[in-house]
Amino acid sequence: MRGRRGAFKKTKRLFVIATEGAETEPIYFAEFHPGREGGFRLKVLGNPRHKSRPIEVLNRLLDYEMRERPGPNTEYWAVIDRDAWNPAELNEVSREIAKRENYHLALSNPCFELWLWLHLKPNRPFFDRHDCQRSLCREWPEFAKGDYDAAMLMPLVPVACERAKAIDEEPEKPWPTEQATRVYRLVERLK
């Protein structure tokens, strides 16, 4: 006599996020941690060694995939700033990502703080990342790169996504060459 087979339990989708920043981005994405009952799993690979070149961010994803072998139900996201990186370097990384299944680039031009700004205010031109960061601190005095209350931003995620989509004028390009952020693409997958 045969015994009953247990039901096959489908593995939850895993999101692996490698960030350029060591603190600001991991603090933000920690707010999306789904807990035991959530519909997905989340692994954020921060940047403890300050290896922030775009290729180093991608390599952290590749190393994780090779070491952990999480399977096909995994999405890999490189969260990178435009900052002062050479366009050739960004193009190389975006080409490498495009070659791989389930790999994605969420680049912010000029920096991740633009994404945080869009939670609070509509877009405005920033001269560079320093201008964006200073403006965010003026608007949100409680913000510090390594210590801020990301939970306070969570109710504002839908408006940030709408604002980010509105300024992403060339979404078919591999990364925004003008001021914009593609973090909304990742956040919409996590919501």
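Atoms considered below: every heavy atom in the structure, side chains included; atoms not considered: hydrogens, waters and symmetry mates.
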Handout entry: CD (Glu31) with more than 12 external heavy atoms under 6.0 Å
Key = yes
Handout entry: Asp149 side, atom CG; Phe143 side, atom CZ - distance, nearest 0.5 Å
Key = 12.0 Å
Handout entry: Side chains of Gln133 and Lys145 in contact at under 4.5 Å (non-hydrogen atoms)
Key = yes
Handout entry: Inter-residue atom distance Thr24.OG1 - Asp147.CG, 0.5 Å rounding
Key = 10.0 Å
Exercise for the section: Working to the nearest 0.5 Å, report the span between CD1 of Ile17 and NZ of Lys43. Expected result: 11.5 Å
Exercise for the section: Drop me the distance from Lys99's NZ to Ser94's OG, to the nearest 0.5 angstrom. Expected result: 10.5 Å
Practice task
Using atom types as modelled and distance alone, determine if a side-chain donor or acceptor of Arg129 lies under 3.5 Å from a backbone N or O of Cys111.
Solution key: no
Exercise for the section: Decide yes or no for Gln179 and Leu114: does some side-chain heavy atom of the first lie under 4.5 Å from some side-chain heavy atom of the second? Expected result: yes
Practice task
Please examine the side chains of Leu105 and Pro174, heavy atoms only from C-beta on, and report whether any two atoms are closer than 4.5 Å.
Solution key: no
Completion exercise
Heavy atoms of Ser108 and Thr181 approach each other most closely as OG-OG1, 2.6 Å
Exercise for the section: For Trp140 and Tyr148, test the side chains for any donor-to-acceptor distance below 3.5 angstrom and give the result as yes or no. Expected result: no
Exercise for the section: Using a 4.5 Å cut-off on heavy atoms from C-beta on, say whether the side chain of Trp175 contacts that of Asn91. Expected result: yes
Problem - Spacing of CH2 belonging to Trp77 relative to CG belonging to Leu42, to within rounding of 0.5 Å - result: 12.5 Å
Problem - ILVMFWY cluster, Val183 and Val44 together (side-chain gap under 4.5 Å) - result: yes
Fill in the blank from the handout: Tightest non-hydrogen contact, residues Ser52 and Glu56, listed as N-OE1, 3.1 Å
Completion exercise
On a heavy-atom basis, the closest approach of Cys161 and Val187 is SG-CG1, 4.1 Å
Exercise for the section: Would you mind reporting whether Glu113 and Phe126 have side-chain heavy atoms less than 4.5 Å apart? Expected result: no
Handout entry: Cationic N near anionic O, under 4.0 Å, Arg124 to Glu139
Key = no
Exercise for the section: Apply the test side chain to side chain contact (heavy atoms under 4.5 Å, CB included) to residues Asn73 and Leu14: give CA-CA distance (whole Å), side-chain angles for both, the deciding distance (0.1 Å), then the verdict. Expected result: CA-CA 6 Å; Asn73 200 18; Leu14 171 63; over 6 Å; no
Problem - Connected via hydrophobic side-chain network under 4.5 Å: Leu190 and Leu61 - result: no
Exercise for the section: Answer yes or no: are there more than 12 heavy-atom neighbours, outside Glu68 itself, under 6.0 Å from its atom CD? Expected result: yes
Problem - Side-chain (Arg60) to main-chain (Glu20) donor-acceptor, under 3.5 angstrom - result: no
Exercise for the section: Answer with yes or no whether the hydrophobic clustering places Val79 together with Leu62; edges join I, L, V, M, F, W, Y residues whose side-chain heavy atoms lie under 4.5 Å apart. Expected result: no
Practice task
Check the hydrophobic clustering (I, L, V, M, F, W, Y; side-chain heavy atoms under 4.5 Å; chains of links allowed) and say if Leu107 and Leu186 are grouped together.
Solution key: no
Practice task
Would you give the length of the straight line joining atom OH of Tyr184 to atom CZ of Arg189, rounded to the nearest 0.5 angstrom?
Solution key: 13.5 Å
Exercise for the section: Examine Phe15 and Ile80 and state if one hydrophobic cluster contains both, with Ile, Leu, Val, Met, Phe, Trp and Tyr joined whenever side-chain heavy atoms are less than 4.5 Å apart. Expected result: no
Problem - Nearest heavy atoms of Gly21 and Thr19, plus distance in Å - result: O-OG1, 2.8 Å
Handout entry: Sole residue of Arg163, Lys173, Arg182 in salt bridge (charged side-chain N to carboxylate O under 4.0 Å, His left out) with Asp168
Key = Arg182
Handout entry: Side chain Asp81, main chain Phe112, donor-acceptor under 3.5 Å
Key = yes
Exercise for the section: Taking the side chain as every heavy atom from C-beta outward, state whether Leu136 and Leu120 have any atom pair closer than 4.5 Å. Expected result: yes
Problem - Partner residues of Trp117 under the side-chain hydrogen bond (donor to acceptor under 3.5 Å, both in side chains) criterion, sequence neighbours left out - result: none
Practice task
Look at the side chain of Asp83 and the backbone N and O of Trp85, then say whether any donor-acceptor pair between them is shorter than 3.5 Å.
Solution key: no
Problem - Shortest non-hydrogen separation from Val57 to Ala78 and the atoms involved - result: CG1-CB, 4.0 Å
Handout entry: Flag, side chain of Asn109 to backbone of Thr177, donor-acceptor distance under 3.5 Å
Key = yes
Problem - Close side-chain approach of His119 to Val159, heavy-atom, < 4.5 Å - result: no
Exercise for the section: For residues Val16 and Leu45, determine if any side-chain heavy atom of one lies less than 4.5 Å from a side-chain heavy atom of the other. Expected result: yes
Handout entry: Glu92/Arg95 salt bridge by N-O under 4.0 Å criterion
Key = no
Handout entry: Presence of salt bridge, Arg100 and Glu96, under 4.0 angstrom
Key = yes
Handout entry: Gly39 backbone acceptor or donor facing Arg13 side chain under 3.5 Å
Key = no
Fill in the blank from the handout: Applying salt bridge (Lys or Arg N to Asp or Glu O under 4.0 Å) to Glu65 and not counting sequence neighbours gives none
Problem - Whether Phe32 and Phe29 hold their rings parallel, tilted or perpendicular, with breakpoints at 30° and 60° - result: tilted
Exercise for the section: Start with the C-alpha distance between Glu162 and Lys165, add both sets of side-chain angles, then the distance that settles salt bridge (charged side-chain N to carboxylate O under 4.0 Å, His left out), and finish with yes or no. Expected result: CA-CA 5 Å; Glu162 290 308 312; Lys165 286 180 202 174; 3.6 Å; yes
Exercise for the section: Please list all pairs passing the ring pair (Phe, Tyr, Trp, His ring centres under 6.0 Å) test where one or both residues lie in residues 55-76, with sequence neighbours left out. Expected result: Tyr76-Tyr103
